Amino acid sequence: MTSEIDTRVRETGEQFLPKFGADGLLTGVVVDASTREVLMVAHLDREALDKTRETGLAHFHSRSRGTLWCKGETSGNVLRVQDILVDCDQDALVILAAPAGPACHTGARSCFYRKLGSDGRLEPISG
């Protein structure tokens, strides 16, 4: 019975009850607050979520390094968080942000700069 109540509260209530996965992570989709372009996808643990909310800058958990990182901490291309949208079961976030430069480590504006072509090859997205 408790899990039914918890689910109902999480899915329809006003309380923020983030549902981290077994790995301790939530998925965060970063979207440009002005253009609504998807910029990147990353993961947040409790520490990254708390730091993001505290500072207003997007922080994530690096799965490869196992550490906290602030997007743009070395490049200066930070993501200033304007809003955080929470999905129905609170296990994914859409982070609306104002980028201070390219979001992708390759220098591209978005990490999504290619599409899958009909021949199975990756093609650059123009525009």
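Just so it is clear, the model here is predicted, and its values are computed rather than measured.
Proximity of Y113 to P124: side-chain heavy atoms (C-beta onward) are nowhere separated by under 4.5 Å. Considering only heavy atoms from C-beta on, L79 comes within 4.5 Å of L39 through its side chain. Contact of the L49 side chain with the F16 side chain is registered, since non-hydrogen atoms from C-beta on lie closer than 4.5 Å. A 4.5 Å side-chain heavy-atom check between V9 and L17 finds at least one atom pair inside the cut-off. The shortest side-chain heavy-atom distance between W69 and H59 does not fall under the 4.5 Å cut-off.
Summarising the geometry, atom CG belonging to L68 is positioned 9.5 Å from atom OG belonging to S62; distances are rounded to the nearest 0.5 Å. In this structure, CG on L44 lies 9.0 Å from OG1 on T27, to the nearest 0.5 angstrom. Put simply, OG1 on T52 and CG on L93 are 9.0 Å apart, with the number rounded to the nearest 0.5 Å.
For the residue pair H61 and G66, the shortest heavy atom distance occurs at CE1-C, 3.7 Å. Scanning all heavy atoms of the two residues, the minimum distance from A97 to V30 falls at CB-CG1, 4.2 Å. A100 and G76 make their closest contact through CB-O, 3.8 Å (heavy atoms, listed as atom of the first residue, atom of the second, distance). For the pair H43 and L25, the tightest heavy-atom approach, listed with the atom from each and the gap, is CB-CD1, 4.0 Å. Closest approach of F20 and D45 over heavy atoms only: CE2-C, 3.6 Å. C111 and M40 make their closest contact through SG-CB, 3.7 Å (heavy atoms, listed as atom of the first residue, atom of the second, distance).
Within a 6.0 Å sphere centred on CZ of R80, other residues, nucleotides and ligands contribute 12 heavy atoms or fewer.
D23 has no carboxylate O lying under 4.0 Å from a charged side-chain N of R63, or vice versa, which leaves the two without a salt bridge. Ion pair D32/R36 not flagged as a salt bridge, since none of the NZ, NE, NH1 or NH2 atoms sits closer than 4.0 Å to an Asp/Glu carboxylate oxygen.
Under the 4.5 Å side-chain heavy-atom criterion for grouping Ile, Leu, Val, Met, Phe, Trp and Tyr, V81 is not connected to L96 through any hydrophobic cluster. Follow the hydrophobic side-chain contacts under 4.5 Å out from L26 and you reach I84 in the same cluster. A single hydrophobic cluster is not seen to contain both L57 and F60; linkage of ILVMFWY side chains at heavy-atom distances under 4.5 Å, directly or through other members, places them apart.
Judged purely by atom type and a 3.5 angstrom limit, D87 uses its side chain to pair as donor or acceptor with the backbone of D91. Counting only distance, with no hydrogens or angles, the side chain of Q90 and the backbone of Q15 share a donor-acceptor pair below 3.5 Å.
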Do R46 and D50 pass the salt bridge (Lys or Arg N to Asp or Glu O under 4.0 Å) test, and can you show the C-alpha distance, the side-chain angles, and the key distance before you say yes or no? CA-CA 6 Å; R46 170 57 73 185; D50 290 347; 3.5 Å; yes
When you look at R114 and E123, which way does the side-chain contact (heavy atoms from CB on, under 4.5 Å) test go after all the steps? CA-CA 5 Å; R114 300 175 290 179; E123 305 171 1; over 6 Å; no
Evaluate side-chain contact (heavy atoms from CB on, under 4.5 Å) for R109 paired with T35, printing each intermediate quantity in order. CA-CA 12 Å; R109 173 169 166 67; T35 67; 3.6 Å; yes
